[in-house]
Amino acid sequence: MGGKRKMGEGEAVEEEEKEVNPTNKKRQILPSLIKNKEKRSAVFAKLKHEKKLEKKKKHKAREAADKRALDLGEELPPRKIPRTIENTREFDETVCKPNDEELFKGNDADEFSKILRREFTPKILITTCRYHSTRGPAFISELLTVIPNAHYFKRGTYDMKKIVEYANNKEFTSIIVVHTNRREPDALLIIGLPDGPTAHFKLSKLVLRKDIKNHGNPTTHMPELVLNNFTTRLGHRVGRMIQALFPQDPNFRGRRVVTFHNQRDFIFFRHHRYIFEQKENKQIDGKGKKAKDAKDTKDTKDTKGESISQGKMIARLQECGPRFTLKLISLQHGTFDTKGGEYEWVHKPEMDTSRRRFFL
Amino acid sequence: MPRTIAVECPGCPPIRALTFDVLGLIKVIEGRGGGGDQQATTTTPKVVERWGEPDSSRTVLAASINDRKSDPLLAVARKNGRIEVLNPLNGELRVAEKTEVGGDDDPITGLHLFKRERFELSSRSCTLITCTVKGNAILRSLEIADSLTDSKCTDSRKTWNVCAAGNILCSAVDGNENYALFGGKGVELNVWDLETCSKTWNAKSPPKNSLDIFTPTCFTAATFLCKDDHRKIVAGTNSHQVRLYDISAQRRPVISFDFRESAIKTVAEDLDGHTIYLGTGSGDLASVDMRTGKLLGCFLGKCSGSIRSIVRHPEFPVIASCGLDRYLRFWDINTRQLLSAVFLKQHLTKVVIDSNFSDKETTAAAVGPPKEMHEEKQMLVEEEDDEEDASVPVKRKKAARESEQSKKVKAKKKKEKRVRHDDEDDEEKQMLVEEDVDDASMPVKRKKANRENEQSKKLKSKKKKEKQVQHEDEGDEETQTLVEEDDDKASMPVKSKKASRESEQSKKLKPKKKKVKRIQHKDEDDES
């Protein structure tokens, strides 16, 4: 694209001054090679201005085409899809395919299948690292409102392995450990019980409820769960692990939704209340949003069954509860064992060969 | 465009591997050469077959192959306590046995299928040794019949207990199949004589360190260092230590060193008898020379999960590794480069290589001895480099110019020659013709060679002239010798560059020497 544009400009300049063509063309190709800063910046400014003009022209042309199509009653010209890092992602053979029966058999055999088949209700133990203060307890109290059937236990001076043993005896299904560093929660450890995997997440961008503008207060209804974009085999496993933290029968009356959205290997956590409302004006936009929402919820397991689309209904969201971002550091086979544990996946620097390579 | 670094997988030699996973599936991975013989040296392996139905209770815990040429066998121990003997070629079940020990509380950890006959019962029986976590070792023999119903377990079995307490985690049988070793959590390494079922050697735990801290014994991987020698044992521990034991020397390790930060999960020996391959719980794979305990190098790749099994191919310089990251990977042991990786969807527990595959399936041309193949490859690479040099356009231009110039010169000289020596022999003309033919028939490497040939021709022609002027009488003989020289050059066009240069230099040098000699002679004359 860039090259083409430059060529176009080159032609334009050629028309003006044909005698100095070769030298001029050289400069056009590599303006960064000009050593004099004033001249270089002048050339750059000129280029930039030309680009801007070009862009404006294109935009105008596109708008005109749209308008003409509307007037004539034809179909609108197709919108171009911008190239992003996500849709130019490197090919990954581990991405799960919907018709893979081996995958489903594997899912049936894994550690979470009993919970997800509703043979057990999940029961979560939340604890902390040895020393914690300020934001840590506040975050934990909010987590307790987000995750139903979660119980906070003081850490005391117990070993992690002892805690795992204790939780196993008390029939907990998962342990969450919030790790705090410099009075700021910075890591999350989720251990599946009795023999489930251990996932270690980096936690960042934590915003507590009271710091969110116009936040709502969640009810005690069972939340709906939205898991977005966990595509690869590893992502699938992490997704199922997160799914096993929440009860599998949401109260749709509560209109409370918890979202884990994966984008470029970062898992964004959001907690919302939603409400369906009639909206009169701005019909097109409303429809678009509605359709999108419905689609999102359909993708996941817990769909909003009642949200049958009616013409002018829109969903309004109110954020409540904490907001944070997780990044997977390692997934370990078996319960917590740093010394002799076997890792299913651990991030290594040699794996970062490209910014378009994602693991979840 | 997106900036990506392509993962280079050069492909591996024709290979057949079988992997076992937690769902009890057996997958056959084959790398076959595409039709032609030239492609057969590098292939991309693919999953060819899948045996068994996915069932988590049938998780494969251990497997062993007896890959003899006729009637190969494959033994598989499953989590539900069943031991199955299969045909590794088509997955047909030969014998299945349910063990009374085993099951959930006491699963099998080690299994070895004997390559030579232990009990002289009948020709159609196989012997195998199993060991459970609690240390129940059983040496048994299964009779194989044509149909599944006829075959049964015979009574000839020996049972003994390896350890009183603790868990057995690793076991191995030496190359001659006379000794077996066991080790595990709370169990020091011990070696058993299989003939008499008696313990012959027991390791001693290392002393406390300088801080008086005693690390509890936990062996997670062990193997014999060489096939023929049962006295040297390599073991990996949970506290990321690698130890070399020598039975004949002492009960404590001879060499002991740390490797990285996570538990050693598997150890495999090389054929050369001193190199071993380590796989750790966090996906590091490395080769170590056990004579010195020095790290030879790590196998770098996108290996992100614990390595459960490593196998060395008996012929090609290739190892296969598999583990919890659901990939089977093939590595070159010389360059330590990833040859190819196959995604197999499940956690893999074990991999074995069927070494007879290449003999049976692909053409005989592909199955050269591996070293020769390497040399050939290197040769090929070098030749390619030469070709590339020749194909650089700038050089070509120069060469073309020069050749034109030289042609002009040559033509002139030829004319002169013909004018001067019309009575030249027919042989020389013939020789020229032959050279031309040679040039035409070797279009690839001609440029430089041409130049040099021409230069040498110039030189020669000058000399010839001189000689012919001087010794017109001896012309016949000389031309004959010249013809021979030229024939030599034409027959070695590849190596001609350096050779011809050297010869030119030497030619230049020779006259100088002669001059010097003459001067000396003169001096001598003066003195005299």
Side-chain angles (χ1 to χ4, degrees), chain A residues 1-3 83-97 100-111 113-114 195 197 200 232-234 236-237 328-334 337-359, chain B residues 1-8 21-25 27 47 50 52-59 79 169 185 215-216 218 220 237-240 261-266 279-284 298-308 323-327 341-347:
Chain A
M1 286 291 283
R83 201 157 54 198
T84 59
I85 286 188
E86 281 95 4
N87 61 24
T88 55
R89 173 179 182 164
E90 260 182 40
F91 171 72
D92 194 346
E93 57 195 337
T94 68
V95 168
C96 296
K97 291 167 188 80
D100 189 355
E101 50 113 17
E102 222 181 296
L103 167 72
F104 294 113
K105 293 280 185 186
N107 279 350
D108 288 341
D110 75 357
E111 297 92 338
S113 60
K114 279 188 177 171
D195 41 22
H200 185 198
T232 62
R233 193 73 188 76
L234 176 72
H236 204 78
R237 197 161 161 75
L328 186 67
I329 295 172
S330 68
L331 183 69
Q332 187 209 313
H333 193 69
D337 183 7
T338 45
K339 211 173 177 192
E342 285 183 280
Y343 289 92
E344 282 177 33
W345 185 83
V346 62
H347 186 263
K348 289 182 185 172
E350 73 219 31
M351 294 195 280
D352 297 325
T353 51
S354 157
R355 24 193 317 241
R356 292 160 208 276
R357 188 160 191 266
F358 304 115
F359 302 100
Chain B
M1 280 308 290
R3 272 188 300 160
T4 54
I5 300 167
V7 184
E8 286 175 17
D21 58 33
V22 291
L23 282 188
L25 301 174
K27 287 176 183 168
V47 181
R50 207 190 80 180
E53 284 303 307
D55 178 6
S56 59
S57 70
R58 283 161 55 81
T59 299
K79 197 181 175 186
L169 294 178
K185 193 179 181 183
T215 47
C218 185
T220 48
T237 67
N238 205 26
S239 50
H240 47 86
E261 296 296 310
S262 54
I264 311 289
K265 285 293 170 190
T266 179
T280 70
S282 59
D284 299 314
C298 287
F299 293 80
L300 286 182
K302 284 147 189 171
C303 204
S304 55
S306 167
I307 291 166
R308 282 277 178 93
L324 292 185
D325 64 345
R326 301 180 159 102
Y327 273 98
V342 190
F343 180 60
L344 295 172
K345 297 181 186 174
Q346 308 298 338
H347 294 313

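- Proximity of Ser306(B) to His333(A): side-chain heavy atoms (C-beta onward) are nowhere separated by under 4.5 Å.
- One finds no salt bridge joining Lys105(A) and Glu53(B) here, because no Lys/Arg side-chain nitrogen approaches an Asp/Glu carboxylate oxygen to under 4.0 Å.
- Contact annotation for His347(B): only side-chain heavy atoms (C-beta onward) come within less than 4.5 Å of a heavy atom of chain A.
- Contact between Ala109(A) and Leu23(B) at its shortest, heavy atoms only, is CB-CD2, 3.6 Å.
- Closest approach of Gly106(A) and Gln346(B) over heavy atoms only: CA-OE1, 4.2 Å.
- Neither the backbone nor the side chain of Arg89(A) comes within contact range of chain B; no heavy atoms are under 4.5 Å apart.
- For the pair Phe343(B) and Thr94(A), the tightest heavy-atom approach, listed with the atom from each and the gap, is CE1-CG2, 3.5 Å.
- Judged as a side chain to side chain contact (heavy atoms under 4.5 Å, CB included), and not counting sequence neighbours, the contacts of Leu328(A) are Ala199(A), Phe201(A), Leu234(A), Val238(A), Trp345(A), Leu360(A).
- Residues forming a side-chain hydrogen bond (donor to acceptor under 3.5 Å, both in side chains) with Asn87(A) (at least two apart in sequence, or on another chain): Thr84(A).
- Contact annotation for Leu25(B): only side-chain heavy atoms (C-beta onward) come within less than 4.5 Å of a heavy atom of chain A.
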* **Audit row: Arg326(B), Glu102(A), salt bridge (Lys or Arg N to Asp or Glu O under 4.0 Å) steps and yes/no** => CA-CA 13 Å; Arg326(B) 301 180 159 102; Glu102(A) 222 181 296; over 6 Å; no

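- Interface check for chain A: of the options Ser262(B), Cys303(B), Ser56(B), Gly281(B), the most heavy-atom pairs under 4.5 Å are formed by Gly281(B).
- Contact of Gln332(A) with chain B is not made at all, since no heavy-atom distance falls under 4.5 Å.
- Heavy atoms of Lys348(A) lying under 4.5 Å from chain B belong exclusively to its side chain.
- With a threshold of 4.5 angstrom between heavy atoms, Asp108(A) does not approach chain B through any atom at all.
- When heavy atoms are compared at a cutoff of 4.5 Å, Lys265(B) approaches chain A solely by way of its side chain, counted from C-beta outward.
- By number of non-hydrogen pairs under 4.5 angstrom with chain B, the leading residue of Asp100(A), Asp110(A), Thr338(A) is Asp100(A).
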